[in-house]
Each structure stands twice: as C-alpha cells, then as structure tokens.
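Just so you know, ligand 1 is whichever comes first in the structure, and atom 1 is the first atom listed for that ligand. Values below: all heavy atoms of this structure, side chains included; hydrogens, waters and symmetry mates excluded. For this chain, numbers begin at 1 and follow the sequence in order. Not measured: the values here are computed from a predicted model.
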Amino acid sequence: MNIFDYMQKYDYEQLVFCQDENSGLKAIICIHDTTLGPALGGTRMWPYQTEEEAIIDVLRLGRGMTYKNAAAGLNIGGGKAVIIGDPRKHKSEELFRAFGRYIQGLNGRYITAEDVGTTVADMDMIHLETDYVTGVSPAFGSSGNPSPVTAYGVYRGMKAAAKLAFGSDSLSGRVVAVQGVGNVAYNLCRHLHEEGAHLIVTDINEENVNRAVNDFGAKAVGVNEIFGVECDIFSPCALGAIINDDTIPLLKAKVIAGAANNQLKEERHGDLIHEMGLIYAPDYVINAGGVINVADELQGYNRERALKKVETIYDTILKVYEIAERDGVPSYKAADRMAEERIARVSKSRNTFLKNGKTVYDR
Ligand SMILES: NC(=O)c1ccc[n+]([C@@H]2O[C@H](COP(=O)([O-])OP(=O)(O)OC[C@H]3O[C@@H](n4cnc5c(N)ncnc54)[C@H](O)[C@@H]3O)[C@@H](O)[C@H]2O)c1
Ligand SMILES: CC(C)C[C@H](N)C(=O)O
C-alpha cells in the first residue's frame, strides 16, 4: 500500500505510529480533517493480522468520523485510533498510559473515546496521562459509556425513517428485526419495546439473545435467518458490510436503520437498495448519538443538553432525504453531500485572518 498516495486521495492530514516496547503498545492514530475542530473518534482495539490491515482500518474509520461529526453538526473534526492487540489478552495499565502519552503529545489535535474493544475503564487509564479523552467514568465529570446514548439516537433516527416509509413515525405494532443485541442494541430494544414494537433478534452470543427475549419478549431466530424474516424494519447492530449481494435479495423490510458502522459493503449496494425503494438511514448519521454525547464533554458535560442534541438525529435523517430528493441521489450519497457542504462552508467562513485564533473549545 502506498500510504501517501492514499492520504492524498482522501485528503488526510496526519497518521501517527506509536510504539512502546515496555507495554507492547503498537497503535496508530489517524487525523483525517480538522477543518471543523479537533479530531474526535474512538480507539479500536483489535487483533489485526497485518500492519496493513490496521492502517487501512484506521484510515477508513478516521475519515468516517469526519463525515459523522460534520453531519451531526458538531464543531469537531474526524479521526480515530487503533491499538493492535487482542482486547481479551493484551490490555494493561501501562499500555493505555503509554497510549495516553502519545495522545497528549498531539496537544489536542486528536481526542479519543471508546470504540470496539475498548471500555470506560480503558478510557480511565488513558485519562491518567491526558485530558484529551472522553467517555471517561462519570466520577470525573465525564459522560461514561456512550452506548445507551447511541441507542437513543438510533431510536430517534428509526422513527424518522419510519415516517418517511410509512407516513407515521409511530413504532407501535411495527416489527423490527435486530441483528446483534450487544451494548447499543440492547438499549435500542428497550426503547422499541416501550413504544410497543415487536422484536425479532439474533446474535452469535446466546446470553445476549436470552437477555432480549427475557426482558423484551423478543423472538429469537438464527444468525442467517434474520435477513429474511417478515418485518417492517431491519436494524443492523452487529458488524459492517452487512448490506451486500447475499443479504439484499433476502430483505423483506421497507426500512434499514441500525447502529453498525459501514453497513454498505460497497457504495453500489446503497444504489441497489435505493432502486428497490427501501428507506436507508445512513449509518453514520443515525449512530452519531455516542459521539454527540462525548463531544458535549468538551463544553463541560451536561446530559440534558447532550440528549437534546441527540434527539435532532430525527431531523437530520429527514434533512438527508430532502437532499436526496433535491439532487436525485440515494440517501448515503445525500449524507456525504450534507457533510461535505458543511465542511466547505465553514472552511470558507474561516478564511479571515484572526490573530491568536481559537476554536470554541478552550482545551
Ligand atoms: N457503542 C457505541 O456507542 C457505538 C457508536 C456508533 C456505532 N457503533 C457500532 O454499532 C455496532 C454495535 O456496537 P456495540 O457497542 O453494541 O457492540 P457490541 O460488541 O456490544 O455488540 C455487537 C453484538 O453483535 C453480535 N454479533 C457479532 N457478529 C454477529 C453476527 N454475525 N450475527 C449476529 N450477531 C453478531 C455480538 O455478539 C454482539 O452482541 C458496532 O458496529 C459499532 O461499531 C457503536
Ligand atoms: C466517540 C465514540 C463514542 C464514537 C463511536 N465509537 C462511533 O463509532 O461513533
């Protein structure tokens, strides 16, 4: 892989390799775009098989955060980090502290939080070395685990998508098929159950399935069955690339609205579901609740204010569809345009010279 060519193609600012022999840390921090503000995005810990795999993942995820943060209306740029290692075997205080020192060295250009494989406890260890970390324990005045707030945002976005598809945003009596009932989807199911939706769930983890069955009366189906069940809404909440050539022909839902990142395997799959008349809530728009919540910490965390902002995911989904109609494009493309147009507008408005110019965040 020619890293500089790739960085130039998608206009990346910076890629930082972090190595610490004492703790075994091997991490990469990607800062994609800081036009809107400091790059904020979680740290993923994953046992990547090759260095190239880790580099590709951090580049892809970092750029995704630029779009997510811009579309969410945050004064925040995009970035992400990956730690190469097995989260079940390779975590230690010294590893996260070493990582925290590298983040501190970037002097606020990158701010981290949780992602797949990292937890609030890990953020607490990073916090021992740097203030440029969010999603830390509430005891520190922080917002804690972002998953329940991500779930609330997905719930709000799902209601907007239902309005577009069915003419009403009520989910009462709607059948929702949920793929993966982990941290986010368990909380999503709670909102859906409270509103009177019927749930069909699957997971590779039996405990998680049983929890949803017992707590919300969900019907359990096999992991390959979930795509073809009779339902109104399909909610992908496990892994990426789940909207693909194999799954699309099976779908009976009219709406796709879930928490997973990078749901479309390729862009053409977004075109295909658009042509089929499905309403697709673009993943990074509907799952922005977590980052909206942690970003609020940069102003001194206020949960009420953060949740109010998360609620607006409903309007953002409607706005995406306005742009889709305006430009005659699928929703995933409309979301990209919305984010790119905002970055371009802000970038233009910042052309004026400002001595000691500051961002709104005093950190
Ligand atoms: N946690 C957040 O705040 C947040 C924010 C934005 C996006 N996301 C995305 O949402 C998704 C879910 O995040 P999470 O924090 O709930 O993760 P999680 O690991 O708690 O939940 C994922 C669940 O999916 C299950 N799963 C994995 N492969 C599966 C398969 N093939 N079939 C069925 N189930 C499968 C896992 O067993 C697990 O229960 C991820 O894609 C994540 O990147 C999460
Ligand atoms: C900042 C984090 C809470 C972001 C989250 N991991 C996401 O993918 O949106």
Side-chain angles (χ1 to χ4, degrees), residues 38-46 57-58 60-69 71-72 74 76-82 87-88 110-120 122-123 132-136 142-154 157 177-189 200-212 220-227 234-244 246-247 257-263 281-298 306 310 313:
L40 170 58
T43 295
R44 179 164 295 193
M45 186 165 185
W46 195 256
D57 209 28
V58 79
R60 196 178 50 91
L61 292 164
R63 181 163 171 258
M65 290 309 297
T66 296
Y67 281 82
K68 187 180 296 197
N69 296 337
L74 298 171
I76 295 288
K80 201 97 173 184
V82 297
R88 285 165 306 180
Y110 170 68
I111 302 169
T112 200
E114 293 86 350
D115 194 65
V116 175
T118 57
T119 63
V120 175
D122 303 334
M123 296 307 124
Y132 299 120
V133 51
T134 55
V136 177
S142 182
S143 65
N145 180 5
S147 300
V149 188
T150 301
Y152 182 56
V154 174
V178 184
Q179 186 207 25
V181 265
N183 289 320
V184 175
Y186 175 79
N187 288 287
L188 170 65
C189 287
I200 303 176
V201 302
T202 195
D203 200 294
I204 50 173
N205 179 330
E206 210 181 312
E207 234 173 81
N208 286 357
V209 172
N210 292 340
R211 192 171 58 155
V221 297
V223 287
N224 294 322
E225 259 180 277
I226 195 78
F227 308 107
F234 174 59
S235 186
C237 296
L239 304 174
I242 208 63
I243 312 296
N244 57 47
D246 297 328
T247 58
N261 276 314
N262 304 317
Q263 292 170 25
D283 44 17
Y284 66 73
V285 177
I286 195 171
N287 74 14
V291 76
I292 293 172
N293 193 48
V294 299
D296 193 85
E297 290 181 30
L298 306 181
V310 172
I313 289 176

Distance-only side-chain donor-acceptor flag, D115 / T118, under 3.5 Å: no
How does L40 reach ligand 2, by side chain, by backbone, by both or by neither, if only non-hydrogen atoms under 4.0 Å count? neither
Subset of ligand 1 atoms that lie under 4.0 Å from at least one heavy atom of N205: 37 (O)
Give the atoms of ligand 2, by number and element, whose distance to some non-hydrogen atom of K68 is under 4.0 Å. 7 (C), 8 (O), 9 (O)
Subset of ligand 2 atoms that lie under 4.0 Å from at least one heavy atom of N261: 8 (O)
Classify the contact between K80 and ligand 2 as side chain, backbone, both or neither, using a heavy-atom distance cut-off of under 4.0 Å. side chain
Taking 4.0 Å as the limit for heavy-atom contacts, which would you say applies to N208 with ligand 1: side chain only, backbone only, both, or neither? side chain
Verify side chain to side chain contact (heavy atoms under 4.5 Å, CB included) between I313 and Y152, making sure each step is shown before the conclusion. CA-CA 10 Å; I313 289 176; Y152 182 56; over 6 Å; no
Is there a polar contact between ligand 1 and D203, counting only N or O atoms under 3.5 Å apart? yes
Just heavy atoms, cut-off under 4.0 Å: does I204 contact ligand 1 by side chain, backbone, both, or neither? both
Quick note on ligand 1: atoms under 4.0 Å from a heavy atom of C237 include exactly 11 (C), 12 (C), 22 (C)
If you scan the protein for heavy atoms around atom 17 (O) of ligand 1, do you find one that is closer than 4.0 Å? no
Examine E114 against ligand 2 and note whether any of their N/O atoms are separated by less than 3.5 Å. yes
